[in-house]
Number of protein chains: 2
Amino acid sequence: MSTESGSGPVNVAGVLRVATTRTMRRLRAVGARRITLTQLSAMASIQAAGELTLGELAAREHVQPPSMTRVITTLHDYGLVTRKSDPNDGRQVLVSLTDKGHEILAEEARTREAWLADQIKDLSEEDKQTLVEASLILMRLIGE
Amino acid sequence: MSTESGSGPVNVAGVLRVATTRTMRRLRAVGARRITLTQLSAMASIQAAGELTLGELAAREHVQPPSMTRVITTLHDYGLVTRKSDPNDGRQVLVSLTDKGHEILAEEARTREAWLADQIKDLSEEDKQTLVEASLILMRLIGE
DNA sequence: TATTGTTATACTCTATAACTATA
DNA sequence: TATAGTTATAGAGTATAACAATA
């Protein structure tokens, strides 16, 4: 967990934790106020899958089913997702995006990331590459 | 905001947002259940400063004063921080860690980061370095 | 009057436990 | 009886608006 560098051993986990915590706070604070980060993330997963059960979605997002029920209920109230019973197994609920959901997802993703993208745009190509690589390492690390 | 690479332009902000969101979820979920990430982060800032006002602390943590009041109230209830009026300006509240606070901070930081550190330990030195560099770029980007 | 912090209020995110419906 | 999802409940984290105390 320690990496030697110019100034001695580095607590990688600690540095990463602080950076992640503060980046999340900023991303939340900067939000467009219509769709939350959690909802956006869920919608992105639904879009990627096309259609999937609530349980699968909860697993992919690493949250418990009751948490996902809430997210989906809100998105359904907004008219952004559809829910229907699986014809083969009435216990399961199949979730997908509505047309409006696809539109809003694209629009929100742009708006939501505008601030971050704006900070990033002046970075060197090398720094951008570092951020992308670190993101990929993280996704691998946390199992997604 | 786009970085050309082998497979075309990359949405750096988007990739980073997803990675950050999921890493935070994992870090919260893995927590030791006594002290939260927010409290831990506040305590680390207090320790770094030695003693500081509630307002300064809120600014460093990028939260509003009422949010920090809550965090400090909880930590005070736990006996981990002291609050006293600034003798030179009765409006201000000076916050510092108690002995127990220092102990718990050290212990919690270890426990809390253990999971992440465990994932990280098998990475190549190069990947570790990438995570550290990305963290530093992020901290610079979000203004801390 | 301006500043610092607190209280009141509200909303999101998340979890666990208990319940319902279906298999 | 086992599984998928929902409802009930609770606590953390955060914000804005209104207030109190001090300068």
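Below, chain A is the first sequence line, B the second, and so on; all start at residue 1. Values below: all heavy atoms of this structure, side chains included; hydrogens, waters and symmetry mates excluded.
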Exercise for review: Could you give me the CA-CA distance, side-chain angles and deciding distance for B:Glu51 and B:Glu56, then say whether side-chain contact (heavy atoms from CB on, under 4.5 Å) is met?
Suggested key: CA-CA 10 Å; B:Glu51 182 178 68; B:Glu56 276 181 85; over 6 Å; no

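Per the geometry, CD1 belonging to B:Ile72 stands 12 Å off C1' belonging to C:dG5, to the nearest Å. To the nearest angstrom, C1' of C:dT22 lies 16 Å from CG of A:Leu54. Distance B:Arg91 CZ to D:dT22 P: 11 Å, rounded to the nearest Å. Here C:dT22 presents its P atom at 13 Å from CD of A:Gln92, a figure rounded to the nearest Å. Atom CG of B:Asp77 is separated from atom P of C:dT6 by 13 Å (rounded to the nearest Å). Straight-line distance from the CG atom of B:Asn88 to the P atom of C:dT3: 19 Å, rounded to whole Å. Taking atom CD of A:Glu61 as the reference point, atom P of C:dT14 lies 9 Å away to the nearest angstrom. C:dG5 atom P lies 9 Å from atom CG of B:Asp86, rounded to whole Å.
A:Lys128 and A:Asp122 are not joined by a salt bridge, as no carboxylate oxygen comes within less than 4.0 angstrom of a charged side-chain nitrogen.
Counting only distance, with no hydrogens or angles, the side chain of A:Ser41 and the backbone of A:Leu37 share no donor-acceptor pair below 3.5 Å. Here the side chain of A:Arg25 pairs no donor or acceptor atom with the backbone of B:His62 at under 3.5 angstrom.
B:Arg83 has a side-chain polar atom (N or O) that falls below the 4.0 Å cut-off from OP1 or OP2 of C:dT6.
When every heavy atom of B:Thr98 is checked against every heavy atom of B:Gly79, the shortest pair comes out as OG1-O, 2.8 Å. Listed here is the closest heavy atom pair of B:Asp86 and B:Leu94: CA-CD1, 3.9 Å. Of all heavy-atom pairs between B:Ile46 and B:Ser96, the closest is CG2-CA, 3.6 Å.
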Exercise for review: At under 4.0 Å between heavy atoms, which parts of nucleotides 9-20 of chain D does protein reach? Answer with one letter per nucleotide, 5' to 3': B base, S sugar-phosphate only, - none.
Suggested key: ---SBBBBB---

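Between B:Gly55 and A:Asp89, it is B:Gly55 whose nearest contact on DNA chain C lies nearer the 5' terminus.
No contact: B:Thr73 has no heavy atom under 4.0 Å from any strand.
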